[in-house]
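Bear in mind that the values here come from a model prediction, so they are computed numbers and not experimental data. When a residue number appears, it is its place in the shown sequence, counting from 1. Read the numbers this way: they start at 1 and go in the same order the structure lists the ligands and their atoms.
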Amino acid sequence: MDWHYIQPVDIHFGNGMLACLPEQIQKIGGRRGILVTSSSFIENGLVKRLLDENPKTICTVYSGVSPNTDITECDDCSAMIRKEQCDFVIALGGGSVIDCAKAAAAFCLDTLPTSAYFQGKVSLPIRKLPLIAIPTTAGTGSEVTRVTVLMDHAQGIKAPLKAPVFYPTIAIVDPELTYTLPKYITACTGMDALCHAIEAYWNTNHHPISDAFAFHAANLAVRYLEQACFEPESAIAREKMAEASLTAGMAFTLTGTTSVHACSYPLGAMLDMPHGEACGLTIDRFMKINAQSDTDGRLKRLARAMGYSDVEAVADAITELKFRIGLKNDLTHLNLTDGQIEQLVQGSQHPNLKNNPVPITEDTLRSVYRSMVV
Ligand code: NAD
C-alpha cells in the first residue's frame, strides 16, 4: 500500500486559546490584517474583543459572509484585501467564513474573479496571504483542510475546490467559542464531523494515518454530539466535539469524501439545507449500502470500536440520533416532483462518488432519494 501524509497547518487547541492570537500574528510577521467574519460576531462583541486585543495589526473587517458562501462574497473580500493592502487574513466563524477567507487569501493576489476559478477556467493559484483560521462551529474541520466549498447562487451550483493553497497557515481552535451555538446548528455541524470521519474511514483512498484520525473522530462525535446539543455549556462535550471536528478534518483532507458529501451538494444548493443536515440525510442509508460489500470487515471493526454489534446497528443508532437532536431523516415535507428527484440524482454525480467503497450508480442514487420521499 502506497500512501502520502501531510498536515501543514500549525494547530493550537484548547479552552481560552483565542488569547494566543497576538502571538500568532507576530509569528507570521503580520502588520496589516483583515478580519473576515459574519455579522453575528460583530453583534456578540467578539470582533470588538479581537480589535481591542490587536489594535495595531488588524486594520479592517469584512463581515459580509453568509452561510453557503457565495463566490461574489469572495470577490468583495478579495477586493477589500487589495484596497487595504493587507498582508495577512484572519477568519473568525464557521466553515462558511473560513472558506470565504481561504478563497480570498489566495485569489486576492490576482484580479481574476472567483468565478474563473470556480468554473475551472484557470488553474488554482499556488500562493496566498498567510491565513489564521479560528473556527466557531465544530463540524467542517475547514481549519485543517485543503478544501474551500463555495456556492454560485446565480447558477445554483455548490462545489468544493481542492488545492494545497487552501490549507490555513495557523489554526486556533478554542472550544469555548462554540458555547453560543444554538442546538440546531450544533446538531447540523456535529453531524458533518461524524460524516467526515465515517466517509474518510470507508474511503477507497484511506491509509493508516487517515484511519487513525477517522476512528478517533467517529468515536468522539457519536459519543458527545447529543450532549453538546442539550448541554451547550458542557465543557467536556464542546471540547470533544471540537476535537472530533478537527481530527475528522485531518482525516478527510487526506482521503476526500464520498457518496454522502456528493449528495449534500445538490441538497444544499437546490433545497437550501444546512450542509451538515444534508449529510445526515444519507449517512445511515449509505452505511447500509456499503455494509453489503464489507468483505474485509473494515466497517464491522469501526462499528465494534464505536460500541455497536455491527454496521446495521450503527446506522440505526445514527437514524435515532438524528430524531433526538432534531435533524431531518426524510424529505416528505417538500412534496418533491419526479423532476426534482431526477435533478438531485444528476446533481449528485460528483467525482467523490468514486471514493465510495462500493460503486454508486444512478439507480442507487435514485433509490436513496426515493427512500426519502415515501
Ligand atoms: P456556517 O459557517 O454556515 O454557520 C452556520 C450558522 O452558524 C451561521 O449563521 C453562523 O453565523 C452561525 N454561527 C457560527 N458560529 C457560531 C457561534 N459560535 N455561535 C452562534 N452562531 C454561530 O456553518 P458550518 O457548518 O460551520 O459551515 C458550513 C459550510 O462549510 C458549508 O458551505 C460547507 O459546505 C462548508 N464545508 C467546508 C469544508 C472544508 O473543508 N472547507 C468541510 C465541510 C463543510
Looking only at heavy atoms, is any part of [X] under 4.0 Å from ligand 1, and if so is it the side chain, the backbone, or both, or is it neither?
X      : answer
Ile98  : neither
Met151 : neither
Phe252 : side chain

May I ask you to check if ligand 1 and [X] share an N or O to N or O distance below 3.5 Å?
X      : result
Thr189 : no
His261 : no
Val97  : no

Task: Minimal non-hydrogen separation, Leu131 against Ala101, with atom names - done: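 Heavy atoms of Leu131 and Ala101 come nearest at CD1-CB, 4.0 Å.
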What residue and atom, counting heavy atoms only, is the protein's closest point to [atom], and at what distance?
atom                    : answer
atom 35 (C) of ligand 1 : Asp99 OD2, 3.6 Å
atom 21 (N) of ligand 1 : Leu181 CD2, 4.0 Å
atom 4 (O) of ligand 1  : Thr137 CG2, 4.5 Å
atom 1 (P) of ligand 1  : Ser96 OG, 3.5 Å
atom 7 (O) of ligand 1  : Ile185 CD1, 3.3 Å

- [ ] Salt-bridge test for Asp110 and Arg82: reply yes if a basic N is under 4.0 Å from a carboxylate O, no otherwise.
- [x]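 Result for this pair is no, no salt bridge flagged.
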Open item on the list: Salt bridge check, Glu362 against Arg366: does any charged N sit closer than 4.0 Å to a carboxylate O?
Closed with: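 Salt bridge flag = yes for Glu362 with Arg366.
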Task: Reference residue His207; test ring pair (Phe, Tyr, Trp, His ring centres under 6.0 Å); the match among Tyr5, Tyr201, Trp3 - done: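 Looking at Tyr5, Tyr201, Trp3, the match for His207 under the ring pair (Phe, Tyr, Trp, His ring centres under 6.0 Å) is Trp3.
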TODO: Please name the residue in the list Ile170, Thr169, Ile134 that meets the side chain to side chain contact (heavy atoms under 4.5 Å, CB included) test with Gln24.
DONE: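 By the side chain to side chain contact (heavy atoms under 4.5 Å, CB included) criterion, Gln24 pairs with just one of Ile170, Thr169, Ile134: Ile170.
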Open item on the list: Using side-chain hydrogen bond (donor to acceptor under 3.5 Å, both in side chains), reason through Thr361 and Asp363 one step at a time and then give a plain yes or no.
Closed with: CA-CA 5 Å; Thr361 63; Asp363 280 345; 5.2 Å; no
Task: For Thr145, the ligand 1 atoms whose distance to one of its heavy atoms is below 4.0 Å - done: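 Listed by number with element, the hits are 39 (C), 40 (O), 41 (N).
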- [ ] Can you confirm whether something in the protein, heavy atoms only, sits under 4.0 Å from atom 10 (C) of ligand 1?
- [x]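 So far as the 4.0 Å threshold goes, atom 10 (C) of ligand 1 is out of reach of every protein heavy atom.
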